[in-house]
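Okay, so here's the structure we're looking at.
We use all heavy atoms of the structure for the numbers below, so side chains are in, but hydrogens, waters and symmetry mates are not. All figures in this text were calculated on a predicted structure; none of them were measured in a lab.
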Amino acid sequence: MPKEKYYITTPIYYPSGQLHIGHSYSTVAVDAMARYKRMRGFDVFFLTGTDEHGQKIQKTAEKAGKTPKQYLDEMAVGIKKLWELLDIRYDGFIRTTDEHHEKAVQAIYQQLYEQGDIYKGSYEGLYCTPCEAFWTESQAVDGHCPDCGAKLEKTEESSYFFRLSKYQDKLLKLFEDNPEFLLPRSRANEMISNFIKPGLEDVAVTRTSFDWGIRVPFDPEHVAYVWIDALSNYITALGYPDDLTNYNHYWPADVHVIGKEIVRFHSLIWPALLMALRLPLPKQIFGHGWLLFDGDKMSKSKGNVVDPVVLVEKYGVDPIRYFLLRDVPFGADGSFSNRALIERINSDLANDLGNLLSRTVAMIVKTFPEGLPGEFLEAPVDVELDDFADETLRQVEAFMDHLEFNHALESIWALIGHCNKYIDVTMPWILAKDEKDHPRLASVLYTLADNLRRIAVMISPFMTRTPALMREQLGIADGDGEAADSMTSWESARTRDLYRRNPEVRKGKPMFPRIDIEKELASIEALQ
RNA sequence: GGCGGUAUAGCUCAGUUGGCCAGAGCAUUCGGUUCAUACCCGAAGUGUCACAGGUUCAAAUCCUGUUGCCGCCA
């Protein structure tokens, strides 16, 4: 049976500056989902990339004394390095300056123009001369530029428009017929009452005020302006319109994961564009919240941008991935702070998971240096813990269906808590004292080790290094191959009692050393 | 200004269609334990559920108004 496909995307990021923890957040989330689906046997295509045109890129490059292309090539290298650092395993990385993409965008413009979905008009707005940018009435601060503060002038510019208004009724129907098309649900209400119902206006899709962009084929004075160029990446990355092999296989996307600031473009303009092109629509758009810093929006001007590279170097990939996915309810805004991060690391990773592994392995090594014996005496508490793990797995799967990463992790940690409690109840250190209790002790330790094995599988979509570290100590083979797969695949988490007899258990270093929070915060403070 | 969202323990948040003394995790305090990364287990809490009215036998949950914060306004 051929595998079912799963196509998931991140936004394409705008590299006018270094990416921060907020970008990492979207990408880590998509990576976790992609890893999960791969483990569930899907044929996954995970797309990410960069949006490389526009005036801001042009100016940033100029300031750096580089050509846009030079500048962008360097940025793209940096971004790929960041994803490598965070163990992001994407299948495609599109740059909107890729030759294929540029040609595809031109073809799309041409088609839309020919069929009358794009027409010539003029764009009126408030223009800021120093910034060379247009602003709307509402964006302007007292008639002045919100960026530089210069006085704005009313200006008109010739522009081509996309007939968004024509698709108004179809869009309304789309939202009404598919309550899961745009999540969270509140965003859909916003789109309907804020935009669709008052009446959609056509959108300007070309500019003449800058030239770092894709030339519009039917009018060389104009370059493509963001929407069509950026949004179409989701299909051009699959080869559309020339090479349809991947496109036919993967499109439509199963989910576009985006930040809430671009919900409007993805849920209105993008479907309308696809309708105009007579292509299938994505199944779902998920607009997640923002990662705030101490409750404040991150911005360069505030100087509170959190650099993911620094965090990973300091604390490791898995703690950062864990924090992002656990602490922030996907969909709502979350808050990053050094204190919150360290508290999570200490309580969840060091105390709960790390210590559980540590105490289990230590007892096995101490009492059964030759490995767990084949004969042991099972008790109802053991079965009860295994049942709990079964239920945990079911919950994790249900939560993942709705991209509720934080809840999935919460469930797994409830199982970890249950294991710690199980140790208290069974009191293995007492059993160790008397040799005649050793069969019972073997069962207790076996139950713990087997559940740790299952936990290692369940956390695999979220944490990329920890499962291997756990298996190493538990004496479970890792890596590819059937032998390893039987203990590490998602399906193996469904099955209990897989942990072998006489494993080569060895004590390792603590996976997550406890951090002295006050000292750590003080040293961070000192750096600033 | 318009539309929408949100306001619950020190912190981060759950609270389904209104119904037992309002919950979880973390942090705090106390007790237990000692296999373990001074960890784990247990207990104790603390709350005018933003404010003011209203509907109801009954509201954190519905309605109205006010205030704070947030997003969007092509």
Side-chain angles (χ1 to χ4, degrees), chain A residues 123-125 134-140 161-162 164-165 168 184-205 226-227 259-265 267-269 272 287 289-290 292 294-297 323 326-329 331-337 339-367 404 406-407 409-410 413-414 416-433 441 444-445 448 507-518:
Chain A
Y123 177 82
E124 199 187 85
F134 280 94
W135 301 99
T136 62
E137 294 278 355
S138 54
Q139 286 172 314
F161 285 81
F162 170 63
L164 184 60
S165 57
Q168 165 146 344
R185 185 67 203 160
S186 58
R187 302 267 166 226
N189 297 337
E190 215 168 297
M191 291 304 120
I192 293 170
S193 55
N194 236 340
F195 300 103
I196 300 181
K197 287 205 173 144
L200 290 168
E201 281 179 26
D202 296 343
V203 286
V205 291
V226 65
W227 321 127
K260 63 182 181 181
E261 74 283 5
I262 49 177
V263 162
R264 198 180 92 228
F265 314 125
S267 66
L268 298 177
I269 300 179
W290 284 343
L292 309 173
D294 278 338
D296 240 5
K297 187 172 169 180
F323 176 84
R326 171 64 185 81
D327 222 58
V328 186
D333 285 348
S335 187
F336 175 89
S337 71
R339 178 177 288 275
L341 171 66
I342 297 167
E343 280 179 352
R344 276 279 172 220
I345 293 175
N346 277 347
S347 67
D348 295 6
L349 300 181
N351 295 353
D352 295 345
L353 177 58
N355 186 50
L356 173 64
L357 177 76
S358 176
R359 63 201 301 211
T360 302
V361 167
M363 286 187 285
I364 294 176
V365 169
K366 197 187 279 181
T367 326
E404 294 179 41
N406 60 324
H407 288 136
L409 285 168
E410 233 176 83
W413 256 255
I416 292 169
H418 206 104
C419 289
N420 273 321
K421 170 138 192 166
Y422 169 85
I423 297 180
D424 246 51
V425 173
T426 53
M427 295 188 282
W429 57 93
I430 305 255
L431 299 172
K433 284 180 184 160
L441 176 61
V444 166
L445 296 179
L448 281 169
K507 192 109 182 70
K509 272 187 285 192
M511 295 191 296
F512 309 102
R514 264 185 81 80
I515 299 165
D516 183 328
I517 187 162
E518 298 308 333

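- Nucleic acid contact for Ile430(A): none, since no nucleic acid atom lies under 4.0 Å from a heavy atom of the residue.
- Applying the Watson-Crick and G-U wobble criteria (two distances, each under 3.5 Å), rA58(B) pairs with nothing in any strand.
- As judged by a 4.0 angstrom heavy-atom cut-off over every strand, Gly199(A) is placed among the base-contacting residues.
- Distance from the side chain of Lys507(A) is smallest for rU37(B) among the nucleotides rU37(B), rA27(B), rA74(B).
- Counting non-hydrogen atoms under 4.0 angstrom, Met191(A) reaches nothing in the nucleic acid.
- Side-chain atoms of Ser358(A) do not come within 3.5 Å of backbone N or O of Gly354(A) as any donor-acceptor pair.
- Across all strands, Asp352(A) comes closer than 4.0 Å only to sugar-phosphate atoms, never to a base (heavy-atom distances).
- For the pair Glu201(A) (side chain) and Ser165(A) (backbone), a donor-acceptor distance under 3.5 Å is absent.
- Here Pro513(A) lies in heavy-atom contact (under 4.0 Å) with a base.
- In terms of modelled atom types and a separation under 3.5 Å, the side chain of Trp413(A) and the main chain of Asp348(A) share a donor-acceptor contact.
- Nearest-nucleotide assignment on RNA chain B puts the 5′-proximal partner with Arg344(A), out of Ile416(A) and Arg344(A).
- Glu343(A) comes within 4.0 angstrom of the backbone, heavy atoms only, and of no base.
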Every protein N/O within reach of nucleotides 2-4 of chain B N/O, cut-off under 3.5 Å:
unit_1: rG2(B); atom_1: N2; unit_2: Asn194(A); atom_2: OD1; d: 3.4
unit_1: rC3(B); atom_1: O2'; unit_2: Ser193(A); atom_2: OG; d: 3.2
unit_1: rC3(B); atom_1: O2; unit_2: Asn194(A); atom_2: ND2; d: 3.2

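- In terms of modelled atom types and a separation under 3.5 Å, the side chain of Asp202(A) and the main chain of Leu164(A) share a donor-acceptor contact.
- Note on Asn346(A): every side-chain N or O is 4.0 Å or more away from OP1 and OP2 of rC26(B).
- Counting non-hydrogen atoms under 4.0 angstrom, Arg264(A) reaches the backbone sugars and phosphates but no base.
- For Trp227(A) and Phe162(A), the ring centers sit 6.0 Å or farther from each other.
- The same atom, C1', is picked in rU56(B) and in rG18(B); the two are 9 Å apart, to the nearest Å.
- Counting any heavy atom pair closer than 4.0 Å across all strands shown, Ala350(A) reaches a base atom.
- Along RNA chain B, the nucleotide nearest to Asp424(A) and the one nearest to Thr360(A) differ in position, and the one closer to the 5' end is contacted by Thr360(A).
- As rounded to the nearest Å, rU46(B) and rG5(B) have P atoms that lie 33 Å from one another.
- Across all strands shown, Lys366(A) has heavy atoms under 4.0 Å from sugar-phosphate atoms exclusively, and none from any base.
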- Query: Does the side chain to side chain contact (heavy atoms under 4.5 Å, CB included) test come out yes or no for Val226(A) and Val205(A), once each step is laid out?
  - Reply: CA-CA 7 Å; Val226(A) 65; Val205(A) 291; over 6 Å; no
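- In terms of heavy-atom proximity, Val365(A) sits nearest to Lys507(A) at CG2-N, 4.2 Å.
- Contact annotation: Lys421(A) side-chain N/O to rG42(B) OP1/OP2 distance is under 4.0 Å.
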